[in-house]
Amino acid sequence: MMIDSTLSSLGAKVVLAASSDENHPPENIIDGNTSTFWMSTGMFPQEFVIRFAEPTTVATVAMDSYNVKCLKIEKNTSQNAFQFEPVTEKEFEHTEGHLQSNAISLNGSSATHLRFLIISGYDHFVSVHRVTVKN
């Protein structure tokens, strides 16, 4: 069954972000809207962690972003946002004037937290516009 709801409506939260700009808060990542976004502060790596309301099986993560070059995704199944295990790593192609839209397979991993590590970017600043999960 494919479920593609906004993560915020499913009770998910962004519980950690490496940087925050009050005009572009991390919650924008999971509001389902690509015209709102979270923006990093010019240093790498950058990270944000999404916590699900309950353990969730994740087949695919879809991410709309700008200027992200290398992304690592880690997960855990604990109640706390630490002690993560690597799941996958992906290099995004550079886009000019439109968002990078990438679907990343997590092979049905079960997770309470997903940690997104932006290892490098095509510019000093990167933005993440939307993250959705398909079970």
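- Taking the ring-ring contact (aromatic ring centres under 6.0 Å, His included) definition, one finds that F125 meets it with nothing, sequence neighbours left out.
- Counting all heavy atoms, side chain and backbone alike, E22 lies closest to P25 at O-CD, 3.7 Å.
- Shortest non-hydrogen contact noted between M43 and Q46 is O-NE2, 2.7 Å.
- Taking both residues in full, the closest heavy atoms of S110 and K75 are given as O-NZ, 3.2 Å, listed atom of the first, atom of the second, then distance.
- When only modelled atom types and interatomic distance are considered, Q100 and S65 share a side-chain donor-acceptor pair under 3.5 Å.
- Contact between W38 and I118 at its shortest, heavy atoms only, is CZ3-CD1, 4.1 Å.
- Both L16 and F84 are members of a single hydrophobic cluster when ILVMFWY side chains are connected at heavy-atom separations under 4.5 Å.
- Between F48 and F116, the ring planes lie parallel to each other; the angle is under 30°, not in the 30° to 60° tilted range.
- Scanning for ring-ring contact (aromatic ring centres under 6.0 Å, His included) contacts around H124 gives an empty result, with sequence neighbours left out.
- Judged by distance alone, the side chain of Y66 and the main-chain N or O of G97 form a donor-acceptor pair under 3.5 Å.
- Residues V87 and S109 approach most closely at CG1-OG, 3.9 Å, considering heavy atoms.
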Applying side chain to side chain donor-acceptor pair (under 3.5 Å), run through S78 and N80 and close with a yes or a no. CA-CA 5 Å; S78 79; N80 303 310; 4.9 Å; no

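- Atom-to-atom distance recorded for R51:CZ and K13:NZ is 6.5 Å, nearest 0.5 angstrom.
- The side-chain hydrogen bond (donor to acceptor under 3.5 Å, both in side chains) contacts involving residues 111-121 comprise E47-R115, E74-R115, N76-T112, N76-H113, where partners must be two or more places apart or lie in separate chains.
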Could you pull out every donor-acceptor pair under 3.5 Å between side chains of residues 52-64 and any protein atom, sequence neighbours left out?
residue: T56; atom: OG1; partner: E54; partner atom: O; Å: 2.7
residue: D64; atom: OD1; partner: S101; partner atom: OG; Å: 2.6
residue: D64; atom: OD2; partner: R130; partner atom: NE; Å: 3.0
residue: D64; atom: OD2; partner: R130; partner atom: NH2; Å: 3.1

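- With K90 as reference, N102 is the one residue of N102, V68, I73 to meet the side-chain contact (heavy atoms from CB on, under 4.5 Å) rule.
- Rounded to the nearest 0.5 Å, atoms CG (L99) and OG (S127) are 7.0 Å apart.
- Atom OG1 in T34 sits 11.5 Å away from atom CG in N28 (nearest 0.5 Å).
- I50 and M39 are members of different hydrophobic clusters when ILVMFWY side chains are connected at heavy-atom separations under 4.5 Å.
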Run the side-chain contact (heavy atoms from CB on, under 4.5 Å) test on L7 and T132 for me, step by step, so that the C-alpha distance in whole Å, both residues' side-chain angles and the decisive distance to 0.1 Å come before the verdict. CA-CA 6 Å; L7 286 171; T132 55; 5.6 Å; no

Please assess S8 against E27 for the test side-chain contact (heavy atoms from CB on, under 4.5 Å), listing each intermediate value before the final yes or no. CA-CA 8 Å; S8 55; E27 300 77 58; over 6 Å; no

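- Taking CD1 of I104 as the start and CG of L71 as the end, the distance is 5.5 Å to the nearest 0.5 Å.
- Taking D31 as the reference, nothing meets the salt bridge (Lys or Arg N to Asp or Glu O under 4.0 Å) condition, with sequence neighbours excluded.
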Would L114 and L106 count as a side-chain contact (heavy atoms from CB on, under 4.5 Å) if you check the C-alpha gap in whole Å, the side-chain angles of each, and the deciding distance to 0.1 Å? CA-CA 11 Å; L114 288 180; L106 299 197; 4.0 Å; yes

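- In terms of the side chain to side chain donor-acceptor pair (under 3.5 Å) criterion, H24 has no residue partners (sequence neighbours excluded).
- When all heavy atoms are compared, the tightest approach of V128 to V131 is CG1-CG2, 4.0 Å.
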Can you list the steps and then say if H94 with N67 is a side-chain contact (heavy atoms from CB on, under 4.5 Å)? CA-CA 6 Å; H94 189 219; N67 280 330; 3.5 Å; yes

